[in-house]
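Below: the structure, in structure tokens.
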Amino acid sequence: MSITSTAPKCSRLLRLLRIQNPNCRASFIHLATEKPSAHRLPKALPSSSPAPPPPSCSPFIAQLIEVLKSEDNGSSEENEKLVEILTSLGIHSLSSDQLLQITRRLPDASTALNFLQHLRSNSPCPDDDSLSSVFEAVFELASREPNSGDKLMELFNTSKQLNLPLTVCSATLLIRCFGKGKMVDKLMLVFNELEPRKRDCDVRNVLVDELLRNGCLDDALQVLDEMLQSNAQFPANENTRRIVFDGLFKGHKYERRMSEKEIVELVSKFGAHGLFPDSIRLTKWITKFCRIGECDSAWDLLHVMMDLDGPLEVASFNALLTGLEKNGQFKKMNLLMKEMKDKGILPNVVTMGISINHLCKSRRVDEALELFEKMRAGEVGVTIEPDVIIHNTLIDGLCKVGRLEEGLALMRRMKSENNCLPSTATYNCLIDGFCKAGELEKSVELFHEMGKDGVQPNVITVNSLVDGMCKHGRAGSALEFFKEMKEKGLEGNAVSYTALIGGFFAVNKINKAMELFDEMREKFTPDAVVYYTAISGLTLAGRMDDAYLVFSEMRKAGFQPDIGCYNVMINGFCKTNKIDKAHEMLKEMTRAGMKPDNFTYNTLISYFSKNGDLKTAHKMIEEACNPDYMTLEILTEWLPGVGEADKLRKFVQGYKISDSTRSCYPQFCGQSDLSKYR
DNA sequence: GTAGGGTTAG
């Protein structure tokens, strides 16, 4: 697009003069009285949209368009004539806003640019402000044309060459368009080109918005930093708040991750200007922070809000309480509860749910029950009716500590009070509780009761019952029940199969277990637990070749065996005197970055001791740094020569296997008999 | 599209 010397061909000028009539002036007045926008918004449109037809043209505009459109390289004489006409029309006395309005009505950017050229190449030339306004309309028109990005860039350079300062609207439009067109490196360029006094809040907001959308976090933060200073000339406003807090949560892909600390810092700076994230945004942040283990930042965030008296609702506190509970920060939970109270924020049913759940999971069921009664009686600052979740939490808590009858009674109370009926989960808690206690009949009874109540069982109901039967030696009944449910349309899942497979292994029906394992593989993608169940079942049955096959398959399926799995294999190979294979496993697990633990060493120590290879056994003992109860028992049993047996026994009495060790090898730990090692 | 407890199974 050239701006040089395109003087109009004036073949039609005479016609223009001829058709000119006094109404033209009136049209001008009409134009000029169009509502002058105190705050004009650029009307950038996607370049794909067709140029809108010019608004109902006044005769003057129609004529102007005609002249400008029909031009090509004409003589300067013709040009002068046009200028003469423009002058006679009073165009040089128009305000910049009026010029803008006129230019907007031209059909395209190129025509408008020619208009601009005419205006500036003749005297008297409108002042820079007026020309800038005309250029603003040129930008607007270009933004609606195809390939607007490149065109705008070209026009931007042109305006620089002409030394025409950008208007705020031009800059805003350019920033928007370059942002949409992903011309990231142009955003700051435009902003910096704008005179400092014109870099107002609105243009900054658009800039920040586009920078964030385009991932330029650091540039955005730098612009924001200026707006958030206490003496900022153009301080952040409500729009800035919305753009930034929405933008940051949408998770545009930034050039780098914004740390939680930075977010807290930003919220704090906004807060100093009385601008805060809304309660929902805040709560989402707190939840997110807690989920990624950034509880401390979540805490800081909420406290920044509290310190600056930002708007706060109970949900944000609930989110943080949940995070603290999951991270075991119970003291902070209490502190936060107290702060809530001081701030006058009342707990709701969710807050109570968190507290009751916490107490139940800590097995402090009596305190949970006490709180339950308190909330109903309005002794927590407000009366709160417990909902089904709170009931379920309590019932589960009671069942988990073996207070099955009390759990059952609470369920009966729900039914009789009739305002909060038992759900599937309610029955599931009870059924699982009775199953684990071996009261299978009671569980089945409850299962029928839920049917009568019209409460639908789900896969968890089925799995609790199947698992209960399997764990109590009734794998056959479990399978029957499982099939029956399937016929009724309640399909099991991999968990059901895991229970059944384990159940059949436990009653030594190895083939049936493996048959189910194969059946399961056809329907579901096996997970690590079901592989582990099959591996340990086959190992206990002494079928190490099969166990190794499943072990290999598990690895092929992409599961990295954990140390427990390796230990089972090593143990199985030792038991079947395949020490080479055991060594192979040991090497492999070390290669995979796992250190042999007590269980591994105990297995090996036991093997070598039993086989009279005391030298290797010694080596193992030295390598194992933390002898535990089991190590000492093995030593006592097999190596009386290592130390004095009595001394050892005394030492042993002070030992307990840690919970974590126990949970790693449920089928081997928690018992002190050595049979498993032999 | 409106957060926050959450319940239960290997």
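Letters A, B, ... are given to chains in the order of the sequence lines, protein chains preceding strands, and every chain is numbered from 1.
When the side-chain nitrogen and oxygen atoms of A:Thr393 are compared with OP1 and OP2 of B:dG6, none of them lie within a distance under 4.0 Å. Using a 4.0 Å cut-off, no side-chain N or O of A:Lys436 falls inside it from OP1 or OP2 of B:dT8. For the pair A:Asn357 and B:dG6, the criterion of a side-chain N or O lying under 4.0 Å from OP1 or OP2 is met. Checking the phosphate oxygens (OP1, OP2) of B:dG4, no side-chain nitrogen or oxygen of A:Lys326 falls inside 4.0 Å.
When each of B:dA9, B:dG5, B:dG4 is scored by its nearest atom to the side-chain atoms of A:Ala315, the top-ranked nucleotide is B:dG4. For A:Lys361, the listed nucleotide lying nearest its side chain is B:dT8; candidates were B:dT8, B:dG4, B:dG10. Out of B:dA3, B:dG10, B:dT8, the shortest distance to the side chain of A:Val529 is found at B:dG10. The side chain of A:Ile280 lies closest to B:dT2 when the candidates are B:dA9, B:dG5, B:dT2. The A:Val530 side chain lies nearest to B:dG10 when the options are B:dG10, B:dA3, B:dG5. Comparing B:dG5, B:dG10, B:dA3 by their nearest atom to the side chain of A:Thr322 picks out B:dG5. Checking B:dG5, B:dG4, B:dA9 against the side-chain heavy atoms of A:Val495 singles out B:dA9 as nearest. Picking from B:dA3, B:dA9, B:dT8 the nucleotide with the shortest atom distance to the side chain of A:Asn463 gives B:dA9.
Residue-environment remark: NZ (A:Lys509) stays at or below the threshold of 12 foreign heavy atoms within 6.0 Å. For A:Glu519, the CD atom sits in a packed shell: over 12 heavy atoms of surrounding residues, nucleotides or ligands are nearer than 6.0 Å. Annotation for A:Lys483: atom NZ does not count as buried by contact number, only 12 or fewer foreign heavy atoms lying within 6.0 Å.
A donor atom on one side chain and an acceptor atom on the other are not found under 3.5 Å apart for A:Asn392 and A:Asn428.
For the segment residues 464-484 of chain A, the set of residues with a heavy atom within less than 4.0 Å of an atom of DNA chain B comprises A:Ser464, A:Asp467, A:Lys471, in numerical order.
No hydrogens or angles were tested; on distance alone, a donor-acceptor pair under 3.5 Å links the side chain of A:Asp387 to the base of B:dG5. For a distance-only test at 3.5 Å, the side chain of A:Asn318 fails to qualify as a donor-acceptor partner of the base of B:dA3.
Heavy atoms of A:Glu325 sit nowhere under 4.0 angstrom from any nucleic acid atom. Using a 4.0 Å heavy-atom distance criterion, A:Ile501 is classed as making no nucleic acid contact. Within the 4.0 angstrom heavy-atom criterion, base atoms lie near A:Ser279. Among the atoms of the strands shown, base atoms are found under 4.0 Å from some heavy atom of A:Val314.
Rounded to an integer number of Å, the gap from CG of A:Leu446 to P of B:dT8 is 17 Å. Spacing between atom CG of A:Leu398 and atom P of B:dT8 amounts to 14 Å, rounded to whole angstrom units. Counting to the nearest Å, the C1' atom of B:dG4 and the CZ atom of A:Arg281 are 15 Å from each other. Atom CG in A:Leu500 sits about 17 Å away from atom P in B:dA9, given to the nearest Å. Remark: P of B:dG4 and CG of A:Leu301 are 14 Å apart, rounded to the nearest angstrom. Atom pair A:Asp278:CG and B:dA3:C1' shows a separation of 10 Å (rounding to whole Å applied). Atoms CZ (A:Phe245) and C1' (B:dT2) sit 19 Å apart, rounded to a whole Å. If you measure from atom CG of A:Leu320 to atom C1' of B:dG5, you get 14 Å, rounded to the nearest angstrom.
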Residues 550-562 of chain A, side-chain donor-acceptor partners within the protein, below 3.5 Å, at least two apart:
| residue | atom | partner | partner atom | Å |
| --- | --- | --- | --- | --- |
| A:Ser552 | OG | A:Tyr548 | O | 2.9 |
| A:Glu553 | OE1 | A:Arg521 | NH1 | 2.2 |
| A:Glu553 | OE2 | A:Arg521 | NH1 | 2.7 |
| A:Glu553 | OE2 | A:Tyr531 | OH | 3.3 |
| A:Arg555 | NH1 | A:Glu588 | OE1 | 2.8 |
| A:Arg555 | NH1 | A:Glu588 | OE2 | 2.1 |
| A:Asp562 | OD1 | A:Gly564 | N | 3.3 |
| A:Asp562 | OD1 | A:Cys565 | N | 2.9 |

Just distance, no hydrogens or angles: give the donor-acceptor pairs under 3.5 Å from side chains in residues 313-320 of chain A, sequence neighbours left out.
| residue | atom | partner | partner atom | Å |
| --- | --- | --- | --- | --- |
| A:Ser316 | OG | A:Thr283 | OG1 | 2.8 |
| A:Asn318 | OD1 | A:Thr351 | OG1 | 2.8 |
| A:Asn318 | ND2 | A:Asn348 | OD1 | 3.3 |

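Residues A:Glu449 and A:Arg412 are paired through a salt bridge, judged by an N-O separation under 4.0 Å between the basic side chain and the carboxylate.
A donor-acceptor pair under 3.5 Å is formed between the side chain of A:Arg281 and the backbone N or O of A:Phe245.
Residues A:Leu282 and A:Leu312 are in side-chain contact: their nearest non-hydrogen atoms beyond the backbone lie under 4.5 Å apart.
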